Amino acid sequence: MSLLRGIIALEVKAMNRIEDEEQMTEEQWQAILQNNVAYNDIFFYAVKTTGIFCRPSCKSKAPNRENACVFQNAEQALAAGFRPCKRCKPTGERLPDKEWVAVMTEYIDHNYMVPLTLETLAEVCHGSPYHLHRTFKKVTGITPVDYIQQKRIAKASEYLLTTEQAVAEIALRVGLPNTSYFITLYKKKTGYTPTQFRQLNKQKVTLASDFILEGPNHGE
């Protein structure tokens with residue numbers, strides 16, 4: 001019964017989101033592109049790819065039009081699951097640091113395979129590179145660059161274990177097209193080169209398979 005209620009609640013929330021979200025007009029789109037302060041409090045816009053909503057006058061980089069949607073007020077945007085922008089503060093309140101960092105990590109988790117810089121994150125997450133770097137480290141204990149590298153190395157390890165792709169192909173898949181740099185970074189983070197890591201784990205799997213097939217007392 002609780003599962004059914006949960007499903008119904010999600011469906012209702014989705015319906016509310018569709019009902020509250022308005023069709024963006026050309027006038028609204030131009031107001032966003034021009035950071036037109038005259039449209040503040042007339043409507044708010046949200047970015048679907050980041051989960052953030054803003055005032056029309058926000059100085060952050062304008063989103064792609066297909067990723068943007070508009071709401072009549074901040075309450076509707078919040079009810080639809082969007083978080084207020086750290087830069088323009090559409091609710092008049094400051095977004096808690098932990099929530100802002102959650103926006104950053106979610107974006108990195110879904111985009112680690114493309115080039116990512118501190119400046120890119122700052123544009124996407126609506127803040128300055130300096131403030132973003134400082135806040136991320138304060139909340140997580142590591143820098144955004146460290147987090148990006150950890151994500152890439154973790155995914156690379158997964159591909160090394162589950163595919164037969166060449167090291168260069170895997171490097172490209174995790175956003176590191178320079179194979180030499182990828183190998184150097186991988187060894188720095190794991191203590192092994194990608195090839196060594198793959199061979200070592202293949203040996204472990206072989207030994208484990210032999211143990212299961214032959215038994216612990218084989219040869220006695």
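Keep in mind that this is a model prediction, so the values were computed, not measured. Here, residue 1 is the first one in the sequence, and each next residue gets the next number.
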Pair D109, Y147 - check side-chain hydrogen bond (donor to acceptor under 3.5 Å, both in side chains), show working.
CA-CA 9 Å; D109 289 348; Y147 184 83; 2.8 Å; yes
Hey, any chance I52 and F43 share a hydrophobic cluster, counting ILVMFWY side chains that come within less than 4.5 Å of each other, even indirectly?
no
Using the rule given for side-chain contact (heavy atoms from CB on, under 4.5 Å), can you reason through Q199 versus L160, listing the C-alpha separation, both sets of side-chain angles and the distance that settles it, and then say yes or no?
CA-CA 9 Å; Q199 291 174 343; L160 286 166; over 6 Å; no
F44/F82 aromatic ring centres below 6.0 Å:
no
Contact check, side chains of P144 and L118, non-hydrogen atoms, under 4.5 Å:
yes
Ignoring hydrogens and geometry, is there a side-chain-to-backbone donor-acceptor pair from Q28 to T25 under 3.5 Å?
yes
Do K137 and I142 have side chains that approach each other closer than 4.5 Å (heavy atoms only, starting at C-beta)?
no
Provide the closest heavy-atom pair for K86 versus P96 in the form atom of the first, atom of the second, distance.
NZ-C, 4.1 Å
Nearest heavy-atom contact between C69 and M24 is N-CE, 4.2 Å
Side chain proximity check, K138 to D97, heavy atoms < 4.5 angstrom
yes
Using side-chain contact (heavy atoms from CB on, under 4.5 Å), reason through L116 and Y107 one step at a time and then give a plain yes or no.
CA-CA 10 Å; L116 287 177; Y107 184 81; 3.8 Å; yes
Short side-chain to backbone donor-acceptor contact, R55 and D41, under 3.5 Å
no
Might you point out which heavy atoms bring R87 and G127 nearest each other, and give the distance in Å?
NH2-O, 2.9 Å
Run the numbers on E106 and K151 for salt bridge (charged side-chain N to carboxylate O under 4.0 Å, His left out), then give the verdict.
CA-CA 11 Å; E106 184 177 353; K151 182 70 180 180; over 6 Å; no
Are F197 and Y186 an aromatic pair by the rule of ring centers under 6.0 Å?
yes
Take a 6.0 Å sphere around OH of Y159 and say whether it holds more than 12 heavy atoms from other residues, nucleotides or ligands.
yes
Between T120 and P115, is there a side-chain heavy-atom distance shorter than 4.5 Å?
no
Suppose we screen for salt bridge (charged side-chain N to carboxylate O under 4.0 Å, His left out). Which residues come up paired with E66, at least two apart in sequence or across chains?
none
Reported CG-to-CD distance for the pair L176 and Q149, which is rounded to 0.5 angstrom
8.0 Å
For E119 and E123, run side-chain contact (heavy atoms from CB on, under 4.5 Å): C-alpha distance rounded to whole Å, both residues' side-chain angles, the deciding distance at 0.1 Å, then the answer.
CA-CA 6 Å; E119 288 70 24; E123 285 183 356; 5.7 Å; no
Take atom NE2 in H131; do more than 12 heavy atoms of anything else shown fall under 6.0 Å from it?
yes
Please report the closest heavy-atom contact between I170 and Q165, naming both atoms and the distance.
CD1-O, 3.7 Å
Any donor-acceptor pair under 3.5 Å from N111 side chain to V114 backbone:
no
Is a donor from one side chain sitting under 3.5 angstrom from an acceptor on the other, for S57 and N40?
yes
Close side-chain approach of T195 and I183, heavy atoms under 4.5 Å
no
So does Q72 get a backbone contact from the side chain of Q76, meaning a donor-acceptor N/O pair under 3.5 Å?
yes
Check: H126 side chain, A122 main-chain N or O, donor-acceptor pair, under 3.5 Å
no
Report the distance from atom CD1 of I42 to atom CG of N36, rounding to the nearest 0.5 Å.
8.5 Å
Under the side-chain contact (heavy atoms from CB on, under 4.5 Å) rule, what do L121 and I108 come out as? Steps first, then yes or no, please.
CA-CA 8 Å; L121 285 176; I108 293 169; 3.9 Å; yes
Is it true that Y39 and E27 share a donor-acceptor pair across their side chains at a distance under 3.5 Å?
yes
Please determine whether the number of non-hydrogen atoms from other residues, nucleotides or ligands lying under 6.0 Å from atom NZ of K189 exceeds 12.
yes
With distance as the sole test, does N64 use its side chain to make a donor-acceptor pair with the main-chain N or O of N67 at under 3.5 Å?
no
Which heavy-atom pair separates E26 from R65 by the least distance, and what is that distance?
OE1-NH1, 2.7 Å
Same hydrophobic cluster for F71 and F53, using side-chain heavy-atom links shorter than 4.5 Å among ILVMFWY?
yes
Tell me whether Y181 is reachable from V167 by hopping between hydrophobic residues (I, L, V, M, F, W, Y) whose side-chain heavy atoms are closer than 4.5 Å.
yes
Please say yes or no: joined through hydrophobic side-chain contacts below 4.5 Å, possibly via intermediate residues, are L172 and L185 part of one cluster?
no
Could you tell me whether the side chain of W100 and the main chain of C85 form a donor-acceptor pair under 3.5 Å?
no
Hydrophobic clustering (ILVMFWY, side-chain heavy atoms < 4.5 Å, transitive) - are Y192 and L161 grouped together?
yes
Can you name the nearest heavy-atom pair linking A74 to T91, along with the distance?
CB-CG2, 4.2 Å
Got F182 and P177 here, is their nearest side-chain heavy-atom distance under 4.5 Å?
no
